[in-house]
2 protein chains.
Amino acid sequence: MIGEFARAAGLSTYTVRFYEKIGLIPAPPRDSGGRRVYSKDSLGWIHFLKQLNATGMKQADRVHYAALRLRGEETYRERRQMLEAHYDKIRADLAALQKTSDLMQRKISLYQRLEAELATSEKDTNNG
Amino acid sequence: MIGEFARAAGLSTYTVRFYEKIGLIPAPPRDSGGRRVYSKDSLGWIHFLKQLNATGMKQADRVHYAALRLRGEETYRERRQMLEAHYDKIRADLAALQKTSDLMQRKISLYQRLEAELATSEKDTNNG
DNA sequence: GCTTGTCCTAGAGTGCACTCTAGCAGCTAA
DNA sequence: TTAGCTGCTAGAGTGCACTCTAGGACAAGC
């Protein structure tokens, strides 16, 4: 059960158990043999977690968000505040990334020019 | 000397020595007492390194780039190729970040709506 | 001449986020 | 009935990128 779920989630079984241990995903029910039984619904949550992860939300914060989620309606406000904070971080990261993207483009052009100049001066040398 | 340089670079002295040890920054000349003497020119390189770092280039790759840089003209081509690869990674990261940014906005709106509904139903309860 | 501050080296320690091992149990197909 | 696959737990190990400690030297100011 955990193997199939992990494959569908794009995680290793190690990671799925680890996420459960630290409270990132709720402990699922078990079958008669003590094995974890997952519902497909949980995949959406995993997908969201991966997006938070990929955009640099700290493990501790993801765990906190997961705990809020289990508490229901009373945590709407705090969850929204966490999302707002993360949104601000993402906007800042986007700006920084865009800045470096521009720099990369300029540097690539520079190196193209330098390479061309080098080729030219080598041809000169060969001819001279 | 290292203290002043580290402050100007926005790094700790530990980190500056560590970067030198792994080859990220060239070993500077030493004064009569064996202390490192930095030229201000190196700050530009540190700044560039920090941008590569902040945009997720691996330490090993940064070290490789630094080594190419010391070898001069003959490595223009390989340096450009590394920058192109990093540029591609940055473009992908930008797209992913934008996607999550949009998701955050939608979720924030959702929670605002949920909070408003909750407030309404509480008022109803108070009145009823 | 002693304190304070900065520097040096080698190497140990930290925090994060997994990732794997050991040792064992249950199911299924050959 | 035994080999192979998957599952279970507790706890150890990994890789990255720093970050700090220990133990010592020198230079300036009180």
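Below, read A as the first sequence line, B as the second, and so on, with proteins coming before strands; counting in each chain starts at 1.
OP1 or OP2 of D/dC16 has not a single side-chain nitrogen or oxygen of B/Arg62 nearer than 4.0 Å. Note on A/Arg36: every side-chain N or O is 4.0 Å or more away from OP1 and OP2 of D/dG7.
Rounded to whole Å, atom P of C/dG26 lies 12 Å from atom CG of A/Asp31. Atom CD in A/Gln59 sits about 14 Å away from atom C1' in C/dT19, given to the nearest Å. One interatomic measurement links the two molecules: CE of A/Met1 to P of C/dC27, which rounds to 13 Å at whole-angstrom precision. Rounded to whole Å, atom P of D/dG11 lies 9 Å from atom NZ of A/Lys21. In this structure, A/Met57 places its CE atom 16 Å from C1' of C/dA17, rounding to the nearest Å. Between the P atom of D/dA17 and the CD1 atom of B/Ile22 lies a distance of 8 Å, rounded to the nearest Å. In this structure, A/Arg17 atom CZ and C/dC20 atom P are separated by 12 Å, rounded to whole Å. Remark: P of C/dA17 and CG of A/Leu49 are 12 Å apart, rounded to the nearest angstrom.
Side-chain atoms of B/Thr75 and B/Arg69 include no donor-acceptor pair closer than 3.5 Å.
Between A/Glu20 and B/Thr15, the residue anchored nearer the 5' end of DNA chain D, judged by the nucleotide with its closest heavy atom, is A/Glu20. Positionally, the nearest nucleotide of DNA chain D for A/Arg30 lies more toward the 5' end than for the other of A/Arg30 and B/Phe18. Along DNA chain C, the nucleotide nearest to A/Arg35 and the one nearest to A/Leu24 differ in position, and the one closer to the 5' end is contacted by A/Leu24. Summary of the strand contacts: A/Tyr19 and A/Ser32 both lie near DNA chain C, and taking for each the nucleotide with the nearest heavy atom, the more 5' one is attributed to A/Tyr19.
No side-chain heavy atom of A/Gln51 sits less than 4.5 Å from a side-chain heavy atom of A/Met57. Looking at A/Ile25 and A/Leu49, their side chains come closer than 4.5 Å, going by heavy atoms from C-beta outward.
A/Gly33 comes within contact range of no nucleotide atom at all, as no heavy-atom separation falls under 4.0 Å.
Ion pairing between a basic and an acidic side chain is recognised when a charged N comes within 4.0 Å of a carboxylate O; A/Lys89 and A/Asp93 show such pairing. Between B/Arg71 and B/Glu74 there is a salt bridge, since a side-chain N of the basic residue sits under 4.0 Å from a carboxylate O of the acidic one.
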